[in-house]
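To start, the structure itself, in structure tokens.
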Amino acid sequence: MRVITWNVNSVRVRQERLLALLARHAPDVLCLQELKVESGGYPHEAVQAAGYHSTVLGQKTYNGVAVLTRAAVTEPLVGLDDGVDDPQARLISVRVGGVRAVSVYVPNGGAMGSDKWQYKLAWLARLRRWLERHARPAEPLVLCGDFNVAPDALDVHDPDAWINEPLYHPEARAALKGVLDWGLSDTFRPLHPDEPGLFSWWDYRMLAFPKNRGLRIDHIFATAPLAARAERAFIDRDERKGESPSDHAPVVVDFRET
DNA sequence: ATGGTTGCTTAGCAA
């Protein structure tokens, strides 16, 4: 089973790149974030013609998440569903072939101390409670998305410069750990131990990509039965090159079949 | 401290 997560930064602008990605990598599950379009504006027909089912939670202008699958899905779950009055489209989940797949777009956090920063920390705590309500650590589950958190110094091009930023602040990392402690582990880092310079996002500005000044903030986390089967993981840096790329590159993980 | 770039929407916000 091949799983990919990718922040597309507008699915309309990236439609041709999306179709090329499906053809190039043939994922079984593709989790998308930052669709930046209402569900009705999502390119359902083009994706279906490429052989994929789409389960979509769109939103005008901002956010928006989707799960694309080769096989048909059951039990779609839409939104954090915790009674909080929150219009932001940041979570969608399906069951496909005995696996639950979740696509999340964790809030960026704005500036330290801002309302957006508090919303980020609160959202990660709400995500933990969503897992407690809807899943069990003993069942196969992948939690994929743009978490807007780099877990470790190895995941940041210049940790000293980022330590007080929302993407790498100790409080953000602690909030992410609070999610993982439910029963998830990173599938990428164990396959690349101690290897520096592996990033999934680079700012559009200041030649960050050509200088590889990036962060690893896009993740595929898995429960134990699936994490034990992760056998290959890579970041598709080529997708960040050329005309009109997203500022994020896709993260790809292959799981052995049982 | 500020600015640099991109997308959505059309002046300013979000990232």
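All chains are named by letter (A, B, ...) in the order of the sequence lines, taking the proteins before the strands, and each is independently numbered beginning at 1.
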Report the C-alpha distance between A:Tyr119 and A:Asp86 in whole Å, list the side-chain angles of each, state the deciding distance to 0.1 Å, and finish with yes or no for side chain to side chain donor-acceptor pair (under 3.5 Å).
CA-CA 11 Å; A:Tyr119 176 66; A:Asp86 183 351; 2.8 Å; yes
Taking the P atom in each of B:dT9 and B:dT5, what is the distance between them to the nearest angstrom?
22 Å
Could you tell me how far apart A:Asn108 (CG) and B:dT6 (P) are, to the nearest whole angstrom?
18 Å
Roughly, in whole Å, what's the span from CD in A:Gln59 to P in B:dG7?
19 Å
Can a donor-acceptor pair be found, under 3.5 Å and without considering hydrogens, that links the side chain of A:Arg256 to the backbone of A:Ala228?
yes
Examine B:dA15: is either OP1 or OP2 under 4.0 Å from a nitrogen or oxygen in the side chain of A:Arg205? Give yes or no.
no
Please compare A:Asn9 and A:Gly109 by the position of their nearest nucleotide in DNA chain B and report the one closer to 5'.
A:Asn9
For B:dC8, does OP1 or OP2 lie under 4.0 Å from any side-chain N or O of A:Lys60?
no
Just how far, in rounded Å, is P of B:dA14 from CG of A:Asn63?
11 Å
Under a single-linkage rule joining Ile, Leu, Val, Met, Phe, Trp and Tyr whose side-chain heavy atoms are separated by less than 4.5 Å, which residues share a cluster with A:Trp202?
A:Phe199, A:Phe209
Kindly determine whether A:Arg129 and A:Glu132 satisfy salt bridge (charged side-chain N to carboxylate O under 4.0 Å, His left out), including the steps that lead there.
CA-CA 5 Å; A:Arg129 293 195 291 274; A:Glu132 291 168 354; over 6 Å; no
Without decimals, in angstroms, what is the distance between A:Leu35 CG and B:dA14 P?
19 Å
Does a nitrogen or oxygen in the side chain of A:Lys36 sit under 4.0 Å from OP1 or OP2 of B:dA14?
no
Run through the side-chain heavy atoms of Ile, Leu, Val, Met, Phe, Trp and Tyr, join any pair under 4.5 Å, and report what else lands in A:Leu121's cluster.
A:Met112, A:Trp117
In whole angstrom, what separates A:Gln33's CD from B:dA15's P?
14 Å
Nearest of B:dA14, B:dC8, B:dG4 to any side-chain atom of A:Met206?
B:dG4
For nucleotides B:dA11 and B:dA1, find the distance between their P atoms and express it as a whole number of Å.
32 Å
If you check the A:Tyr204 side chain, which of B:dA15, B:dT5, B:dT9 turns out closest?
B:dT5
Rounded to the nearest Å, what distance is computed from the CH2 atom of residue A:Trp201 to the C1' atom of nucleotide B:dT5?
11 Å
Below 4.0 angstrom from OP1 or OP2 of B:dT9, is there any side-chain N or O of A:Thr61?
yes
Could you state the CG-C1' distance from A:Asp247 to B:dA14, rounded to the nearest angstrom?
11 Å
Just checking A:Tyr105: base, sugar-phosphate only, or nothing, at a heavy-atom cut-off of under 4.0 Å?
sugar-phosphate
Taking atom P in both B:dT6 and B:dT2, compute the distance separating them and give it to the nearest angstrom.
23 Å
Ignoring backbone atoms, test whether A:Ser244 places a side-chain nitrogen or oxygen under 4.0 Å from the OP1 or OP2 oxygen of B:dG7.
yes
Nearest-angstrom distance from the residue atom NE2 of A:His248 to P of B:dT5
18 Å
